[in-house]
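Numbered from 1 within each chain, the chains take letters A, B, ... in sequence-line order. Remember, it's a predicted structure, so these values are computed and weren't measured experimentally.
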Protein chains: 2
Amino acid sequence: MRERKKQATREALRTAALRLALKHGPDNVRVDDIAEAAGVSPRTYNNYFSSREQAIVAAVTAQRASQVAAAVLARPAEVGLADAVIDAVVGQYADQGEHAPEALLMIAASPALRACYVDTVTTIEGPLAEAITERCPDVDRLTAQVLAAGLGAAAKVALRQWLQSADVAPSMPGFVVPSGSLPDLVRAALTPFAPALDAAAVGPPAADPR
Amino acid sequence: MRERKKQATREALRTAALRLALKHGPDNVRVDDIAEAAGVSPRTYNNYFSSREQAIVAAVTAQRASQVAAAVLARPAEVGLADAVIDAVVGQYADQGEHAPEALLMIAASPALRACYVDTVTTIEGPLAEAITERCPDVDRLTAQVLAAGLGAAAKVALRQWLQSADVAPSMPGFVVPSGSLPDLVRAALTPFAPALDAAAVGPPAADPR
DNA sequence: GCGCAAACCTGCGTGCACGCAAAAATGTGC
DNA sequence: GCACATTTTTGCGTGCACGCAGGTTTGCGC
């Protein structure tokens, strides 16, 4: 019951942060404003989010981590690890939720928000590693962690590039329209790791014969 | 000639930061102290380093980025990309410089410093990507970036684990002795990516026949 | 209901990162 | 050597993150 309230506060902070940021622009929102809008003290804000941008971004990326893990395990057992994992991650960026378009535009326009948004990919690495070991119990812990981290890093590269493709053009402020399909870019970024994933899934303890 | 002076200031700040941190403990050093010891204003400090920990850590990791890139290109052309790259990265953690032992101990003991130290691995990713494309001009830019990022992520996992292996044991403060060989750990962390590296080096544009 | 322990929220104080604009230092053409 | 354009340094002000030490709420056993 206590947990209920905590999640509620989290949610309130997230949505308040996003709403205010969209309304007044990301630089014209102070932490105090968000806290007040959510009905908590400014100090409490930092018990939930350790930076100002984090709350705004969290409104968009809230349950990505758990979704990815679930998606990996949801793939039929026949498909290889590489396909399962890559499809799962790509799927996360296929459907950006409801009000995401405007939010993403704002995030793309602000360097600080961009960086924070890209960093949230890190949160999927833990669950992803667990999902990998669950699907392939033979790969050892370190390898699973490393593979998950590698995939996360690849996704970050893709995200960064997609978000950046905006401000290369000397466009007027607000005119940031990331070009190309994000899912395609993510898939392209993850594909180089397919050999590593399949190799790990097949013969983890096999010392290479030399 | 101007560049000279900047590098000198950087160096002064780095060494001053490390010296003071070792002397008084990492938490008892303010940026004002470091700045004063280096003979610049506190504000200038933040023109060179964007966080307090960064200067301390930089004293240990200063030219790692360029060294890795050089090491990759130094390997004879016959050895595969995977071996070349992995050896180069592992080599970076084989010989910790002169006064590193005590510095590393301090870094391992402070969570903030640990995080910052791990983050410096990011700086090698750019040069590493360049080195990869230089060695294998056929791999496209995105793939090279992704591979470099993946390797960086793997190295971070290894580093984090090594540094953390200390405070698992309920040891008394200061008694943090990372166990096991760091180079071995790093190699183990990077090895899962070997198949991906070799696959990229061999047939990058080959669409998989289906 | 009642008291108690744990978890949580809050105010305060400190140190820090960084934008901004003026001042100082460093090169450049003449 | 002298005026000038650039780059660096610096002081100042603001907002932010977080440790700490109470006060407040929440849930549990009785």
Bend angle of the helix from dG1(C)-dC30(D) to dC30(C)-dG1(D), end axes from five pairs each (to 10°) = 30°
Of the listed nucleotides [options], the one nearest the side chain of [X]:
| X | options | value |
| --- | --- | --- |
| N46(A) | dA17(D), dT25(D), dC18(C) | dA17(D) |
| T44(A) | dC9(C), dG11(C), dT25(D) | dC9(C) |
| D32(B) | dC16(C), dC16(D), dC18(C) | dC16(C) |
| R30(A) | dT10(C), dC16(D), dT9(D) | dC16(D) |

In whole angstrom, give the distance that lies between atom [atom1] of [X] and atom [atom2] of [N].
| X | N | atom1 | atom2 | answer |
| --- | --- | --- | --- | --- |
| F49(A) | dG15(D) | CZ | C1' | 19 Å |
| K5(A) | dA7(C) | NZ | C1' | 12 Å |
| R4(B) | dT26(C) | CZ | P | 15 Å |
| K6(A) | dT25(D) | NZ | C1' | 14 Å |
| R52(A) | dT14(D) | CZ | P | 17 Å |
| N28(B) | dC16(C) | CG | P | 11 Å |
| D33(A) | dT14(D) | CG | C1' | 14 Å |
| N47(B) | dA25(C) | CG | C1' | 15 Å |

Partner residues of E134(A) under the side-chain hydrogen bond (donor to acceptor under 3.5 Å, both in side chains) criterion, sequence neighbours left out = none
key: Qualifying residues under side-chain hydrogen bond (donor to acceptor under 3.5 Å, both in side chains), relative to D33(B), sequence neighbours excluded   = none
Between the protein and nucleotides 27-30 of chain D, are there any N/O to N/O pairs under 3.5 Å, and if so, what are the atom names and distances?
unit_1  : atom_1 : unit_2 : atom_2 : d
dG27(D) : OP1    : R2(A)  : N      : 2.8

task = Mind listing the closest non-hydrogen atom pair of A154(B) and F193(B) along with its distance?
result = CB-CE1, 3.8 Å
query = Is Y45(B) reaching over with its side chain to a backbone N or O of S51(B), donor-acceptor style, under 3.5 angstrom?
reply = yes
R64(B): salt bridge (charged side-chain N to carboxylate O under 4.0 Å, His left out) partners, not counting sequence neighbours = none
ask   = More 5' along DNA chain C: S41(A) or V31(B), using each one's nearest nucleotide?
value = S41(A)
query = Considering only heavy atoms and no angle criterion, is a donor-acceptor pair shorter than 3.5 Å present between the side chain of R43(B) and the base of dG19(C)?
reply = yes
ask   = Should the pair K6(B)-E3(B) be classified as a salt bridge under the 4.0 Å nitrogen-to-oxygen rule?
value = no
task = Among residues two or more places apart or on two chains, list those pairs meeting salt bridge (charged side-chain N to carboxylate O under 4.0 Å, His left out) that have a residue in residues 34-58 of chain B.
result = none
query = Say you draw a straight line from OG1 of T191(A) to CG of L197(A); how long is it, rounded to the nearest 0.5 Å?
reply = 10.5 Å
key: Touch class at under 4.0 angstrom, heavy-atom based, for Y48(A) against every strand present   = sugar-phosphate
key: Residues T122(B) and D119(B): side-chain donor-acceptor under 3.5 angstrom   = no
